[in-house]
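The structure appears below as C-alpha cells.
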Amino acid sequence: PFEGVAWTPRPSQGPPQGCFACIAKPPALRQASPVLSPSSAIYLMESKSCKGDSLRPAVPCKHSVEKKTMTNPTTVIEIYPDTTEVNDYYLWSIFNFVYLNFCCLGFIALAYSLKVRDKKLLNDLNGAVEDAKTARLFNITSSALATFCIILIFIFLRYPLTDY
C-alpha cells in the first residue's frame with residue numbers, strides 16, 4: 001500500500017521517558033493512539049533497530065508514584081530444606097546386621113535405613129527424619145546389647161562358673 005515510500009530517519013527524541021516497566025511493554029499492551037492517515041504515517045516510519053514506537057504518543061509513566069514509595073525493594077528466594085542432611089545410618093545398620101545382629105535388631109535397623117533413603121528420594125523430609133531416628137535407636141540398641149553379650153562371654157570364658 002505504500003509504493004515508493006522511502007525510509008526517513010526519525011527525529012531524535014532522546015532516551016525514552018518513563019520507567020523500565022513502561023518502556024519494556026510490547027506495543028500491543030501500550031495505550032492505543034488515534035489512527036493516523038497513511039500520509040502522516042510515512043514520516044513516522046522507523047527502522048527495526050529502534051526500540052521506541054513513534055506511532056504512539058508518549059504516555060507519562062504511571063510507575064513514578066510507585067518509585068517514590070518503594071524505598072527498599074527486596075528479593076524473596078525460597079530455600080527448601082536439603083534432604084541430603086538427613087543421616088540414614090546405612091553403614092552402621094549393615095555392620096550391625098552382619099556382625100552384631102542381636103535378636104534381629106540389626107536387620108530392623110537396616111530396614112529403617114532403607115526406608116530413610118526411599119523417603120529422601122521422594123522428598124518426604126518429615127518421614128525421613130522420623131525413620132532416621134528409629135534406625136538410630138535400633139542401631140544403638142543392637143550395638144549395646146551385642147557388645148554387652150560379647151563382654152559377658154569374655155568374662156565367663158576368663159572366669160568359668162565352676163570357680164564360684
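Residues: numbered from 1 along the sequence shown.
Once rounded to the nearest 0.5 Å, the distance linking CG of N101 with OG of S93 reads 11.0 Å. The structure places CZ of F102 at 10.5 Å from OG1 of T141, a figure rounded to the nearest 0.5 Å. Considering CZ of F154 and OH of Y159, their distance stands at 14.0 Å, rounded to 0.5 Å. Considering CG of D124 and CG of D131, their distance stands at 8.5 Å, rounded to 0.5 Å. In this structure, CG in N96 is found 9.0 Å from CG in L105, a value given to the nearest 0.5 Å. To the nearest 0.5 Å, the span separating CH2 on W92 from CG on N87 amounts to 9.5 Å.
Using the six-membered ring where Trp is involved, Y99 and F95 have ring planes that are tilted, between 30° and 60° apart. By the 30° and 60° cut-offs, the orientation of the rings of Y112 relative to F138 is parallel.
With hydrogens and angles ignored, the 3.5 Å screen pairs a side-chain donor or acceptor of S142 with a backbone N or O of L100. The closest donor-acceptor contact from the side chain of D88 to the backbone of S113 lies at 3.5 Å or more, if one exists at all. Panel note: side chain K120, backbone V86; a donor-acceptor pair is recorded below 3.5 Å. Formation of a donor-acceptor pair under 3.5 Å by the T147 side chain with backbone atoms of S143 is found in this model.
Taken together through direct or relayed side-chain contacts under 4.5 Å among Ile, Leu, Val, Met, Phe, Trp and Tyr, L145 and I151 form parts of separate hydrophobic clusters. Residues F148 and F156 share a hydrophobic cluster, clusters being chains of Ile/Leu/Val/Met/Phe/Trp/Tyr side chains in contact below 4.5 Å. The same ILVMFWY cluster, assembled from side-chain heavy atoms under 4.5 Å apart, contains both L114 and F97.
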